[in-house]
**Q** 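Below is a structure I'd like to ask you about.
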Amino acid sequence: MDTNELNPQQLQAVRHTEGPLMLVAGAGSGKTRAITFRILHMIRDKGIAPENILAITFTNKAAGEMRERVLGQMGEGGRAPWISTFHSLCLRLLRQHMEFSGYTKDFVIYDAQDQLSLVKKCMKAAQVNEEAFPPKTILNHISGFKNDYQLPEHIKLDALPYGHKLKAAHVYPHYQNALKENNALDFDDLLMMTVKLFKTNKELCDHYNDRFRYILVDEFQDTNLTQYHLIQLLSRAHHNVCVVGDDDQSIYRWRGANLENLLHFEKDFPGTTVIKLEENYRSTQTILNAAGAVVRQNAARREKNLWTRNESGEPILYYRAEDEIDEARAVCERIHQWVQDGASLNDIAILYRTNAQSRVLEDQLRHLGVTYQVIGGLKFYERKEIKDILSYLRVILNPNDSVSLKRIVNTPVRGIGKTSVDKIEAFCGEHHLNLLEGLRRAAEIVGAGPAKKIAQFVAMMDRFHQVAEDSSAVDLLKEVFEKTGYLTALQKENTQEAKSRLENLNELYSAVEQFVDIDRKGSLREFLDTTTLVADLDNLDDSRGVLALMTLHTCKGLEFDSVCIIGFENGLLPHASSLSSNDEYEEERRLCYVGFTRARKRLMVSNARRRRIYGSTFTYQPSDFINAIPREVMTMESSAPSMTASSSYSPSYASKSGGDEWSLPAGAPPPATDTGFAVGTKVLHPKFGSGVVVNREGSDGDMKVVVFFKGAGKKKLAVAHANLIVV
DNA sequence: CCCGCGCCACATTGA
DNA sequence: GTGGCGCGGG
């Protein structure tokens, strides 16, 4: 290890191994290098056993990279410390110790889809109206409880005002019971149950305090309260915790991330040493200027001074497009040009606020013949055909999983309809049976026809169970493919869609093959675990020469030579849903900051005068974040302001910079100052509650506004009829 | 009693 | 673009 490669602050962090440490690491400040050296220093110079070190990262990809770097430096026979994400860590702990409070070790993990279907069922049972209380909103609130370590028994109903949160609090205990009946945990449970486990079992907690004597937590600014409790519990004997983070990069508030953890840490861990890494090694001065200019407008932040010795580099390119197609074209053509000039696709990324924005880009890239990879969006393991097959595997392992069972009982169609299943479910409720047991007694419950089909289904599942015991997971999968008739049904369809589904199933087969070591027991379960816990980012292959497309959230922790960020419009970035809350608006700024600081050399930003989103056209204003960038570090290009709407395909690097196009470009609608309901106005609606105007058209009598409501989403309303109250 | 079609409302970010 | 639902045919 050559400590000459470290600056004084990094070196100080590396040498500080005993007692609490907070490493405030600005973007691109050599954080990973410092962390890796620190672990190596602990193992090699301090003689600390790797087993005694626990490092928690944000993604599996980051964990893998850190493990590789540590092992790479240690040479032959080196053992790696335990490096994983919060969720994988908790899953591993729970698999070992979960046999308490009614769960077995074969519990499954429910993803968002499963959660939603379970929450709907609970809402029906609790007689909560799905119209007035969208299941998604209820689920979000329940998730919020779990992120704050509020168990159902902790919640004081009379302390909550009437509203969605109160309803969620009513549904919450039903939902937890239902999860337990299904022998299932959701994502948030993984964390919450682990904390509960350690709180109720002091001995076990002591055991792990002894085991993990040195703990490191990366991306600390994005931890929630439950995760914070976990860190406290795991370190209460030794306080050897090093947290690494940057408040400017906190972008998961909506998922329960709690910036205050940064403040609490210094109180809860007395004597914390704080070290700031402020020298940026990644980006040009220009890029840092722009990023700093945006994030500096936030009131709630620790002042820091990120600086670099790097040269100022190219100015930021700002392209103002006619519409989203023109925007995509300009960005993709520019990238094409960079590649022609010798850039590698590996070193370029296109970032956007919402997944839906990728589609237009993909069309353009295909057209230009550029190979690309979309990270995120519909995940592989969430595709219908994959989830169907996985549901079979899940039920085979865990017969209590009624959510999966209901999914497959008539997939592919085999004559077991909703009516029969409903009857059996009702029967199960009365007799305290799980759904599979109910199906076994179908003859007592439904008519002879359906009963026979159900009996066949149950017999098939029993055979699968036998196969699972006797043979490998690969054989089992083959068996499921064939005996369920799933493949045959798809082959018969003979459509393009069916073909692509078959391809996906093929891919699933290879994935299982790769994963499963034939003789190892329990490997099917491990495979299923990974299917719920891998992030899409974990599959980003940065060695294949492929352009990466992803959201601003996903890009955290990555870096590229050149970065393009599209959709800089008020309403998209910052997103409409953030306009009514200052905290959320500030998070959008940080999101922008994270995006900018991914770039080493080049940054391109863009927006569009008109944009189609989900069928309707929006004319958002250029983003305030663009206006915050100092003009001297930016070059503007614009499409020729077109007279006809259809001319957006014409060559369009027409008007170069200058002029006073900056804040109010041609083609934008006139500023709304007159009759009220300007973009950004907060309003109240009798049914949808509070929202923000994000778009406006027409005037006076027939004025229509698009309002973004929390929970209800975007609504287009006629002002004359909607009874909107301006707040 | 099951199935498939067509209609409808829905759509931020994700381990 | 997708999933949920209601209806009429088998």
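All values below were derived from every heavy atom in this structure, side-chain atoms included, with hydrogens, water molecules and symmetry-related copies excluded. Residue numbering restarts at 1 for every chain, and letters A, B, ... go by the order of the sequence lines.
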**Q** Without decimals, in angstroms, what is the distance between A/Glu219 CD and B/dT13 P?
**A** 20 Å

**Q** Please confirm whether the shortest side-chain N or O distance from A/Thr354 to OP1 or OP2 of B/dA11 is below 4.0 Å.
**A** no

**Q** Is A/Arg611 salt-bridged to A/Asp323, cutoff N-O under 4.0 Å?
**A**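 No.
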
**Q** Please report, rounded to the nearest Å, how far the P atom of B/dT13 is from the CG atom of A/Asn224.
**A** 20 Å

**Q** A/Leu573 has an atom CG; how far is it from atom C1' of B/dT13, in whole Å?
**A** 11 Å

**Q** Taking the minimum atom-to-atom distance to the side chain of A/Glu584, which one of B/dA11, B/dC2, B/dT12 wins?
**A**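 So the side chain of A/Glu584 is nearest to B/dT12.
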
**Q** Please work out whether the ring planes of A/His229 and A/Tyr149 are parallel, tilted or perpendicular, with thresholds of 30° and 60°.
**A** perpendicular

**Q** OP1, OP2 of B/dT12 versus side-chain N and O of A/Thr551: anything below 4.0 Å?
**A** no

**Q** Could you state the CH2-P distance from A/Trp254 to B/dT12, rounded to the nearest angstrom?
**A**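 My rounded result for the distance is 11 Å.
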
**Q** How are the rings of A/Phe625 and A/Tyr585 set to each other: parallel, tilted or perpendicular (split at 30° and 60°)?
**A** perpendicular

**Q** Closer to the 5' end of DNA chain C via nearest nucleotide, is it A/Arg359 or A/Lys418?
**A**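 First, find each residue's nearest nucleotide; the 5'-ward one identifies A/Arg359.
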
**Q** Side chain of A/Tyr252: nearest nucleotide among B/dA15, B/dT13, B/dG14?
**A** B/dG14

**Q** Report the residue (A/Glu587 or A/Asn410) whose heavy-atom-nearest nucleotide on DNA chain B is the more 5′ of the two.
**A** A/Asn410

**Q** Using only side-chain N and O atoms of A/Asn355, determine if any of them is under 4.0 Å from OP1 or OP2 of B/dT13.
**A**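 Answer is yes, contact under 4.0 Å.
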
**Q** Tell me whether the OP1 or OP2 atom of B/dC1 has a side-chain N or O from A/Lys423 closer than 4.0 Å.
**A**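 Checking B/dC1 against A/Lys423, a side-chain N or O does come within under 4.0 Å of OP1 or OP2.
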
**Q** Rounded off to whole Å, could you give me the OH-to-C1' distance for the A/Tyr381 and B/dA15 pair?
**A**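 Roughly 15 Å, once rounded to whole Å.
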
**Q** Nearest whole angstrom, please: distance from the P of B/dA11 to the NE2 of A/His575.
**A**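 Going from A/His575 (NE2) to B/dA11 (P), I get 11 Å.
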
**Q** Checking A/Asn182 against A/Ser402: is there a side-chain donor and acceptor pair closer than 3.5 Å?
**A**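 Present: a donor and an acceptor within the cut-off.
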
**Q** When you look at CZ of A/Arg366, are more than 12 heavy atoms from neighbouring residues, nucleotides or ligands closer to it than 6.0 Å?
**A**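 Counting neighbours around CZ of A/Arg366, more than 12 heavy atoms of other residues, nucleotides or ligands fall under 6.0 Å, so yes.
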
**Q** Would you mind telling me which of B/dA15, B/dC1, B/dT13 lies closest to the side-chain atoms of A/His87?
**A**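 From the listed options, B/dA15 comes nearest.
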
**Q** Tell me: NZ of A/Lys124 to P of C/dC5, nearest whole Å?
**A**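 Between P of C/dC5 and NZ of A/Lys124: 6 Å.
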
**Q** Rounded off to whole Å, could you give me the CG-to-P distance for the A/Asp363 and C/dG1 pair?
**A**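 It is 10 Å, rounded to the nearest whole Å.
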
**Q** Any side-chain N or O of A/Ser420 under 4.0 Å from OP1/OP2 of B/dC2?
**A** yes

**Q** If you look at every strand shown and take non-hydrogen atoms under 4.0 Å, does A/Thr554 touch a base, only sugar-phosphate, or nothing?
**A** sugar-phosphate

